Amino acid sequence: MPTADRTQLNMVQRPRRLRMNPILRSMVEETRVSPKDFIYPMFVEEGRKGRKDRLEIPSMPGVFRQSIDAALKEMEQCISLGVRSVILFGIPLHKDPLGSQAHAENAIVQRAVRAAKKAFGRDLFVVTDVCLCEYTDHGHCAPVEGEEILNDEGVSIHCKTALSHAVAGADMVAPSDMMDGRVGAIRDALDEAGYTNLPIMAYAAKYASGFYGPFREAADSTPQFGDRRSYQMDPANSDEALREVELDVEEGADIVMVKPALPYLDIIRRVRETFALPVAAYNVSGEYAMVKAAARLGWIDHDRVMMETLTGIKRAGASIILTYFAKDAAALLNKQGA
Ligand code: PBG
């Protein structure tokens with residue numbers, strides 16, 4: 001082997017000095033991901049009991065539609081891994097035009113919240129997704145008239161839904177419908193009922209995205225006609241995201257979310273720099289599915305890409321990450337003693 005020439009360049013700054021030793025390298029790390037950052041999304045399904053009590057979602061390996069009992073077991077696992085928060089999505093047995101199972105007292109999410117709070121109390125922070133598309137037979141996030149998606153009628157149902165989650169014991173509600181004015185209306189409804197301290201995490205800048213595909217398969221919530229472009233945002237827009245976030249902040253949002261995460265890291269950063277509120281990012285189903293699929297094919301290193309993804313989302317400015325990777329990432333971080 002030929003030896004390289006030993007030239008001594010006259011350089012005062014050598015950035016590589018800080019990268020030579022792993023201990024020093026970890027001391028100068030600017031971004032740290034922790035299990036405390038995660039909210040783990042879970043799907044609770046009505047009528048699973050008696051059938052197989054959990055069903056893996058084919059495009060989301062490791063994620064299940066499951067009964068409340070099975071969900072409780074997974075929540076316990078989350079807590080032991082240091083993942084202290086979950087967000088619940090419901091899959092009802094019956095769907096109807098107005099999505100009545102979104103807010104019925106004994107509907108699936110309401111029951112799941114009560115069970116989770118009874119089992120884990122303050123050891124688990126239970127967030128609920130407030131939306132209609134999993135509960136309507138047409139799959140839109142508000143009632144429809146012909147082809148029109150009815151904003152204000154949607155908002156009044158979302159208020160009922162948020163309130164029913166609060167009554168069941170939810171620790172935070174997260175409206176994801178993207179109807180105009182829903183955050184303010186939900187804040188009023190909660191306050192009037194005495195839930196003045198219940199925070200709202202608004203899906204503030206939610207884009208009409210192809211990355212929701214696996215979720216819609218999981219939740220059976222694909223629109224039966226048209227698409228969501230009249231209410232979710234156009235991927236081309238960035239200033240509009242700031243307007244959406246501003247409105248939600250004025251209306252009383254406590255945390256603002258950007259969704260999806262990866263194609264919108266610039267939005268996360270802009271929101272973070274413009275508003276003095278915690279920013280959440282949703283690392284959505286399609287982003288998860290891509291990593292799982294490529295890893296299965298042996299095309300990428302699963303754990304590395306997972307951690308790089310989560311680090312990137314945090315570095316962009318998110319303090320909270322909703323991610324299906326929560327358990328995998330927490331297990332890895334715990335193993336590394338991070
Ligand atoms: C409901 C909702 C969706 C997601 C979260 N809440 C789907 C949609 O808007 O079609 C997607 C989450 C994911 O893809 O992981 N409105």
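One-based numbering along the sequence shown. Please read these numbers as outputs of a predicted model, since none were measured by experiment. For ligands, and for the atoms within them, numbers begin at 1 and follow the listed sequence. Below, all heavy atoms of this structure are taken into account, side chains as well, without hydrogens, waters or symmetry copies.
- In terms of polar-atom proximity, Ser285 is counted as a contact of ligand 1, with an N or O under 3.5 Å from an N or O of the ligand.
- A salt bridge is defined here as a Lys NZ or Arg NE, NH1 or NH2 lying under 4.0 Å from an Asp or Glu carboxylate O, and Arg65 with Glu56 fails to meet this definition.
- Which parts of ligand 1 touch Tyr282 is read off a 4.0 Å heavy-atom cut-off, strictly below it: atoms 12 (C), 15 (O).
- Only side-chain heavy atoms of Phe89 come within less than 4.0 Å of ligand 1; its backbone N, CA, C and O stay farther off.
- Considering only non-hydrogen protein atoms, atom 5 (C) of ligand 1 sits nearest to Lys259 NZ, 2.5 Å.
- Using a distance-only test at 3.5 Å, with no hydrogens or angles considered, no donor-acceptor pair links the side chain of Arg111 to the main chain of Ile68.
- Between Asp37 and Arg32 there is no salt bridge, since no side-chain N of the basic residue sits under 4.0 Å from a carboxylate O of the acidic one.
- The ligand atoms of ligand 1 that sit less than 4.0 angstrom from a heavy atom of Ser176 are 1 (C), 2 (C), 6 (N), 16 (N).
- Close approach of ligand 1 to Tyr324 is summarised as follows: ligand atoms under 4.0 Å from at least one heavy atom of the residue are 12 (C), 13 (C), 15 (O).
- Close approach of ligand 1 to Cys131 (heavy-atom distance below 4.0 Å) involves ligand atoms 1 (C), 16 (N).
- No option in Ile149, Asp152, Leu132 other than Leu132 meets the side-chain contact (heavy atoms from CB on, under 4.5 Å) test with Pro143.
- Proximity of a side-chain donor or acceptor of Tyr324 to a complementary backbone N or O of Met42 within less than 3.5 Å is not detected.
- Annotation for ligand 1: atoms under 4.0 Å from non-hydrogen atoms of Cys133 are 1 (C), 16 (N).
- Note on ligand 1: Gln232 sits in its first shell, one or more heavy atoms being nearer than 4.0 Å.
- Between Lys292 and Asp328, at least one side-chain N (NZ, or NE/NH1/NH2) sits under 4.0 Å from a carboxylate O, which counts as a salt bridge.
- Salt bridge annotation for Lys95-Glu134: absent, with no cationic side-chain nitrogen under 4.0 angstrom from a carboxylate oxygen.
- Under a 4.0 Å criterion applied to the non-hydrogen atoms of Asp129, ligand 1 contributes the atoms 6 (N).
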Does the ring pair (Phe, Tyr, Trp, His ring centres under 6.0 Å) test come out yes or no for Tyr288 and Phe325, once each step is laid out?
CA-CA 7 Å; Tyr288 177 81; Phe325 285 119; 4.7 Å; yes
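- Remark: minimum distance from atom 16 (N) of ligand 1 to any protein heavy atom is reached at Lys206 NZ, 2.9 Å.
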